[in-house]
Amino acid sequence: MTTLPAAQAQSAVSSRTEYEAALQLLRDASRSYYGDGDSILDDAAYDQLRHSVRVWEEENPAEVSPDSPTGLVADGAAPVGDVAHTARLLSLDNVFDSVGLIAWGASVQRRLGREPQGRFTVEPKIDGAAVAARYRDGRLVQIITRGDGSHGEDISHVIGQIDGLPEQLAEPVTVEVRGEVAFTTAQFETANEVRLAHNAQVFANPRNGVAGTLRAKDRPYRLQMTFWAYGAVELDAVAFLPSGAAHAETLSAVAAVGIQTTADSAAGLHVVADLAAAQERVDAIAAMRAELPVGIDGVVIKMNDAAEQAAAGVGSRFPHWAIAVKLPAVERQTVLEQVVWEVGRTGVLAPTAVLAPVEIDGSTVTRATLHNPADIRRRDLHIGDTVTVYKAGDIIPRVQGAVVQLRPEGAQPVALPEACPNCGGAINKAQERWRCAQGTACALPALIEYAAGREMLDIDGLGKTYVAALVASGDVTDVADLFTLTAEQLTAASGSARRATKLAEQIEAAKVLPLSRVFCALGILGTGRSMSRRIARHFGTMDAIRQAGAAAMQDVEGIGPEKAPVIVEQVAALAPVIDKLIAAGVNMAEPQDASAAGGAGPLTGKVVVVTGKMTGPLAAYGRAEMTALIEKAGGRAGSSVNAKTSILVAAPSSGGKPSTKAAKAAELGVEVRTPEAFAELVADYLA
Ligand code: IVH
């Protein structure tokens, strides 16, 4: 078999020899795609190669091979059986963007000789395998694969294994429904667990898994799949619907007798007036793709009206009245170059795949998560393997499996670490997820250094050495411990009382920082600086964040159903640390930004430094409250007086010499206001 890595398959076809080689590769790839094996080319590479072949064929019509796969249903590669289809089971033509959709609209108009009067339907293109299911008198009697479109294989042995395709209907109807069978995400996970339990190789992707499962007769286990109907035809000359039923009506009638249709999918079936509205639905479905419980590889647009469908007609491979707008591939093949091991906050050893760069869903992927050592072994991953990588939207890319046919000779299985990759110490292998025997203590210094960073707690004197000393002495066991360090502890770690005083000042100043900084300092996976800001702004207080469930967490922009429960779980796990932070007097509120609230505040663009005890209307205001007040009025709280300071709020010195901050303000010509005068300035923002 010709085996070409995806990257090599993308070149244009420019000669007869290249054309023939490309045809062979297309045939091999589509045979493995429609058969039981793993695809040897991912969809994007396949589409690219097919496109190059078609371009060459258009330019060289006299040289087109009579058995070119581009002229056949399923590229002539699907296993053909001996059951004749009642009516040809066609495929769909593809476009890749709104320009292609408009061009399809123009072609439809040409065929009709006028603008379509009827409406269009928009539904998901489920990424599975096409089947025809025959019901006689309400009983499911036969399931047939698509095959070459005119004959398919009888796969009735899977009756009972497909959700949405009941064995008995609510009414004794005779009809043939056509649709897609696929594994939902949950079914796919279960399927792979079952496969592993039976020492079978995991499926590289859901579609391959379904193609194999539909045809498998003698497996010692059964895997559940799901069906969505996208059409129906009459069977045994018994009319199911009055002739002339529109597409949406046909699917409603199919649903009414108890069969699941694309209209029942989360993406739904929408009837729209024109292609501009159809494009809007395409965009909406594309946006929800990562959250859908089943994989889709496009959106299908059909003319709803039966008479207009008939007028547009059908070609040899696909109907002219329907078109698929393909979505970008979320699954690509690339090469696994190496596996690196990192130690997480809790001491868990996390393997990450380093991949040959590959473009997936709009971004270049070079790393992907692997789960744990046992999973790497179960998937039998080797360095140099061509692997399928899945990524959709914000989801962290993950390696699904290896394409065993493409394994280079002599490839070695992924090596598992013998010592903790962070500290070199022993590994606790008691569970599937290996941990450093030191547990949390192993990764703690890195977390504390991160938390002290400028964008988080901004304790810039707290470098690697001091952090190491504080962790080694046991004085710091989590981020919250920083706020209760004594002068002695800081002196011991930094080796100087002067340095200790500076550190203590910085730590004190960190207590009044906005919640977003403190939240970010917790090191919760997936909550970097901007995400922490979004979360803090959305909820306002740590209390509200702690009360949020996964659904509420998803209201934050950029947090989807995958991320939300992970964040909620980690916030809950950090309860003891958060409680300690609160007890230490760390600010747990995000100031409402005056400009964000829709107008400039009196302090917009100003940096305000506060010193000494507040008096008058501000007498009850501590540091945290002052910071919140300043930010509410549009300003930013500073910790030291410098050239950027706009206002210093300071009570007049009572007889003695002015405070250092006041002296500095006088030197730099910074405006100094008493608490009373400042209160007047921000009167609208006082509680
Ligand atoms: S309509 C005559 N609708 O995609 C109309 N097909 O790449 C032909 N597919 O062969 C099909 N979801 O197996 C249609 N909502 C949908 C679909 C859908 C998935 C599959 C179908 C088709 C293939 C073309």
Side-chain angles (χ1 to χ4, degrees), residues 30 33-34 39 43-44 46-47 50 69-70 72-78 85-96 100 104 108 120-133 143-150 152 155 164-165 176-184 206-207 210-211 214 225-233 246-248 250-251 254-255 259-271 278 281-282 285 289 292 294-304 306 308-310 312-327 329:
S30 47
Y33 177 108
Y34 288 105
S39 303
D43 288 3
Y46 183 87
D47 284 347
R50 192 169 188 288
T70 62
L72 305 168
V73 166
D75 287 354
H85 281 300
T86 41
R88 269 191 313 144
L89 219 169
L90 294 169
S91 182
L92 284 170
D93 200 5
N94 296 324
V95 294
F96 295 88
W104 174 74
V108 163
F120 296 93
T121 57
V122 188
E123 63 193 283
K125 181 171 181 316
I126 314 254
D127 194 8
V131 299
I143 307 183
I144 310 142
T145 63
R146 179 169 60 180
D148 66 359
S150 65
I155 50 160
L165 206 48
E176 178 177 308
V177 288
R178 279 130 177 240
E180 203 79 350
V181 177
F183 279 129
T184 62
R207 194 199 40 236
V210 156
L214 285 176
M225 297 163 281
T226 304
F227 175 83
W228 290 266
Y230 52 66
V233 292
H247 175 58
T250 305
L251 292 196
V254 167
I259 299 167
Q260 178 163 267
T261 75
T262 49
D264 302 314
S265 70
L269 177 130
H270 289 248
V271 183
R281 273 310 301 162
V282 171
I285 294 176
R289 183 187 195 183
L292 293 176
V294 65
I296 64 168
D297 59 342
V299 179
V300 185
I301 294 159
K302 298 172 183 168
M303 298 173 76
N304 193 34
E308 286 194 338
Q309 282 191 1
V314 295
S316 63
R317 295 182 344 110
F318 36 72
H320 297 307
W321 45 263
I323 191 78
V325 180
K326 289 275 264 193
L327 295 177

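Computed over heavy atoms, backbone and side chain alike; hydrogens, waters and symmetry mates excluded. Not measured: the values here are computed from a predicted model. Counting starts at 1 for both ligands and their atoms, following the listed order. Note that the numbering runs from 1 along the sequence shown for the chain.
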Seminar exercise, completed: A student checking ligand 1 against A130 at a 4.0 Å heavy-atom cut-off should list atoms 13 (O)
Exercise. Can you list the ligand 1 atoms lying under 4.0 Å from a non-hydrogen atom of T262?
Worked result: 15 (N)
Compare all side-chain heavy atoms of [X] with those of [Y] and state whether any distance is below 4.5 angstrom.
X    : Y    : answer
F96  : D47  : yes
I143 : L214 : no
I144 : H85  : yes
D93  : W104 : no

Which protein heavy atom lies closest to [atom], and at what distance to 0.1 Å?
atom                    : result
atom 8 (C) of ligand 1  : L90 O, 3.6 Å
atom 2 (C) of ligand 1  : P319 CG, 3.6 Å
atom 7 (O) of ligand 1  : K125 NZ, 2.9 Å
atom 12 (N) of ligand 1 : I126 N, 3.1 Å
atom 3 (N) of ligand 1  : K302 NZ, 3.0 Å
atom 11 (C) of ligand 1 : Y230 CE1, 3.5 Å

With heavy atoms only and a cut-off of under 4.0 Å, state how [X] meets ligand 1: side chain, backbone, both or neither.
X    : value
P124 : backbone
E123 : side chain
V300 : side chain

Problem set entry | Of the listed options R146, Q309, E180, R178, closest to atom 10 (O) of ligand 1 (non-hydrogen atoms) | R146
Seminar exercise, completed: Ranking D297, L92, I323 by closest non-hydrogen atom to atom 6 (N) of ligand 1, top hit is L92
Heavy-atom donor-acceptor pair, [X] side chain to [Y] backbone, under 3.5 Å:
X    : Y    : result
R317 : T70  : yes
E180 : G128 : yes
Q260 : F227 : yes
N304 : A248 : yes
R289 : I296 : yes

For this session: Mark the output for G128 as yes if a heavy-atom distance to ligand 1 is under 4.0 Å, and as no if none is.
Result: no
Problem set entry | A322 near ligand 1 by a heavy-atom separation under 4.0 Å | no
Exercise. Side chains of E123 and H247: is there a donor and an acceptor less than 3.5 Å apart?
Worked result: yes
